[in-house]
Amino acid sequence: MQQSTLSTILNPIERDAGAQKLWVRRFIPALVMLMLLLFWQIVTMLEIYPAFIIPPPIDVAEKFYAVLLDGRLWLHTQATLSAVLSGLGVGVTLGLVLGYLIAKHPLLEDSLAPVIISLQSTPIVAYAPLLVIWFGSGPTSKVITSALIVFFPTLMNTVVGIRNVPRPLHDLMRALRASRWQTFTKLEVPAAMPVLIGGLKISATLAVIGAVVGEFISANAGLGFLITLARSQYDTALVIVAVITLAIIARILYWLVTLLERHVLAWQSRARTI
Amino acid sequence: MGLSVRNVTLVYNAPGGGVLPALGPVTFQIESGSFVSLVGPSGCGKSTLIRILAGLQEPTRGEAFLGDIPISGPSSRVGLMFQDSNLMPWRTVQDNIALPLELGGISKQERYAAVENLLPTLGLSDFGLAYPGELSGGMAQRVAIGRVLIQKPEVLLLDEPFGALDALTREQISVDLLEVWAQYRQTVLMVTHDINEAVLLSDRVLVMSQRPGQIIADIPVTLERPRCLEDIYSDVFGKTAQQVRAAIGR
Ligand SMILES: Nc1ncnc2c1ncn2[C@@H]1O[C@H](COP(=O)(O)OP(=O)(O)OP(=O)(O)O)[C@@H](O)[C@H]1O
Ligand SMILES: [Mg+2]
């Protein structure tokens with residue numbers, strides 16, 4: 001998993017190369033995973049650590065199956081997922097709008113920069129408890145932590161993306177007497193799209209972190225809550241189940257953004273491969 | 001539709017507070033349907049002059065006219081070509097060429113019909129659906145020419161249109177441009193660094209001084225039209241090129 005993620009980030013060009021090599025690329029990571037699992041199983045069989053510290057993979061699998069059946073896993077996944085998606089939606093939207101305004105109005109940047117920079121450089125875990133105090137331990141505070149953690153990178157990427165639209169293309173649009181709206185939709189949006197999607201990739205993963213941070217502090221549902229609960233009961237297998245579920249959620253979100261990227265930025269990969 | 005410029009001066013605010021005179025004062029006139037080249041040392045204000053004529057920038061003093069109307073902003077009768085092709089990499093060749101029509105609210109059908117007609121002239125028949133990243137420099141430049149021609153402009157402003165090309169491609173494209181011009185007879189003002197190109201294409205060559213640029217020579221080219229590449233070896237060509245070179249060196 002890690003390997004394919006890295007290669008996607010590092011060289012998207014090579015991703016589609018050589019079909020006969022594809023199975024090798026799938027096979028080797030699978031083998032590595034399998035060996036890690038085997039190692040994990042062996043360590044637990046040696047009984048160096050008690051099962052509540054490192055439960056054997058079989059126990060984890062059984063636990064996974066059990067919470068899947070009794071509906072608890074789905075319940076908590078749903079809570080986290082809805083916080084993640086709402087947070088992502090709110091954070092990205094606000095980041096895009098404010099980022100665009102800042103990119104277009106330097107005055108706005110000058111007045112907002114100090115606030116934004118100090119908020120951004122404060123770790124979210126530090127002020128997340130405040131958000132829970134203000135917005136309660138229900139879903140709202142999770143949406144807010146998730147939205148906040150997504151907001152800043154989106155904002156930064158939007159500012160960079162819009163500011164870096166080539167000046168000659170702006171001149172072109174002016175020479176062709178494009179309206180403001182036309183310049184926005186036909187120049188600024190598509191020109192900034194690669195940067196924006198890059199930001200969205202990061203945001204998708206951050207949104208999960210944000211929601212879980214909120215759930216850690218105080219909650220009555222969600223995978224973060226499940227982790228806290230399971231830990232207090234020394235149910236380490238359940239902790240691992242929740243962690244794996246979170247990893248899967250983050251991975252699926254990332255993958256969805258990659259699909260979107262391939263669709264929206266088809267021109268990039270086509271231009272590169274030729 | 002001719003172009004004229006009266007006492008046009010442009011002064012930039014220099015970084016650090018002072019002022020930086022970039023251009024002028026310049027005064028000249030280009031008759032409707034003639035092809036005029038502008039040569040001069042780097043930084044003398046050629047691009048600035050083109051931007052003023054394109055309505056992208058207001059002169060500090062003086063006035064520029066399109067026909068006899070003062071220029072106050074970009075006009076649909078003027079086509080502007082930039083130093084590099086300046087295409088949108090996310091648009092296909094046909095959508096890049098059709099951009100001016102699209103912005104003018106013309107229907108997709110009509111747009112593509114117009115592009116379809118133009119592609120063979122540009123030597124891009126099979127490339128309508130290609131992206132700029134898939135084109136050579138010369139082809140990209142042809143797309144840029146297409147984007148200007150599709151507006152059917154009466155005036156062409158070309159700012160070093162072939163600057164980024166190698167000598168061979170450049171020669172070929174300038175001859176192509178000459179053919180298009182012979183057909184439509186637009187009024188052309190072209191900035192170039194290439195004296196041969198200037199002489200081969202133009203009716204007149206304007207020479208500018210160092211910054212702030214002023215017109216220091218206005219050299220007529222008496223070569224007969226239609227012209228072709230071989231005219232480079234003629235006597236008239238050699239003499240005119242020599243004149244231009246001498247004017248620049250002054
Ligand atoms: N936006 C600007 N702000 C300040 N000064 C500028 C600006 N644009 C150009 N200049 C200055 O104005 C002068 C003329 O610039 P211009 O681009 O018109 O020159 P040019 O003749 O086109 O040069 P080149 O042949 O290198 O393209 C230059 O000295 C340049 O430094
Ligand atoms: Mg220039």
Side-chain angles (χ1 to χ4, degrees), chain A residues 11-17 96 106 157-158 160-200 257-274, chain B residues 47-48 50-57 71-93 95-106 127 129-136 139-140 143-144 147-148 150-151 153 155-160 164:
Chain A
N11 47 9
I13 314 154
E14 274 197 325
R15 194 177 45 211
D16 312 312
L96 285 175
N157 273 295
T158 309
V160 170
I162 296 295
R163 288 257 168 93
N164 286 351
V165 175
R167 233 189 79 121
L169 281 178
H170 268 297
D171 285 343
L172 173 72
M173 292 302 267
R174 267 182 65 209
L176 294 175
R177 298 180 308 150
S179 67
R180 262 194 107 129
W181 178 247
Q182 285 175 326
T183 305
F184 177 67
T185 56
K186 294 182 197 297
L187 172 61
E188 291 174 328
V189 171
M193 198 49 89
V195 184
L196 296 184
I197 295 224
L200 192 58
V257 180
T258 314
L259 280 190
L260 180 75
E261 179 183 38
R262 260 185 237 175
H263 178 71
V264 178
L265 302 182
W267 59 272
Q268 266 193 342
S269 51
R270 258 191 64 184
R272 274 207 214 111
T273 46
I274 294 198
Chain B
S47 296
T48 305
I50 290 280
R51 290 175 61 85
I52 290 172
L53 289 169
L56 292 175
Q57 206 163 356
I71 296 171
S72 61
S75 155
S76 59
R77 314 173 84 157
V78 175
L80 171 63
M81 221 177 125
F82 300 80
Q83 173 153 5
D84 56 2
S85 56
N86 201 17
L87 302 177
M88 296 180 168
W90 57 87
R91 281 178 171 250
T92 58
V93 164
D95 284 331
N96 263 293
I97 296 178
L99 180 70
L101 303 185
E102 192 177 325
L103 296 177
I106 287 165
F127 289 92
L129 295 175
Y131 285 95
E134 302 170 90
L135 304 178
S136 70
M139 289 160 83
V143 177
R147 185 175 58 193
V148 169
I150 206 155
Q151 311 169 61
V155 176
L156 289 180
L157 299 173
L158 314 174
D159 190 358
E160 295 187 48

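Sequence lines set the chain letters: A, B, ... in the order given, protein chains first and strands last, and positions in each chain run from 1.
The contact between B/Leu80 and chain A is made entirely by side chain atoms (from C-beta outward), counting heavy-atom distances below 4.5 Å. Only the backbone of B/Leu87 comes within contact range of chain A, with heavy atoms under 4.5 Å apart. Proximity to chain A (any heavy atom under 4.5 Å) is shown, for B/Glu102, by both the backbone and the side chain.
Minimum heavy-atom separation, B/Pro153 to B/Val78: CB-C, 3.9 Å. Looking at every heavy atom in both residues, B/Ile97 comes nearest to B/Ile150 through O-CG2, 3.2 Å. A/Leu176 and B/Gln151 get closest at one heavy-atom pair: CD2-OE1, 3.6 Å. Across all non-hydrogen atoms, the minimal contact from B/Asp159 to B/Ser47 is OD2-OG, 2.8 Å.
Using modelled atom types, one side-chain atom of B/Arg147 and one backbone atom of B/Asn86 make a donor-acceptor pair closer than 3.5 Å.
For chain B, the option among A/Pro190, A/Pro194, A/Ala175 with the highest count of heavy-atom pairs below 4.5 Å is A/Pro190. Contact count versus chain A (heavy atoms, under 4.5 Å) is highest, among B/Gly104, B/Ala54, B/Ser76, B/Gly73, for B/Ser76.
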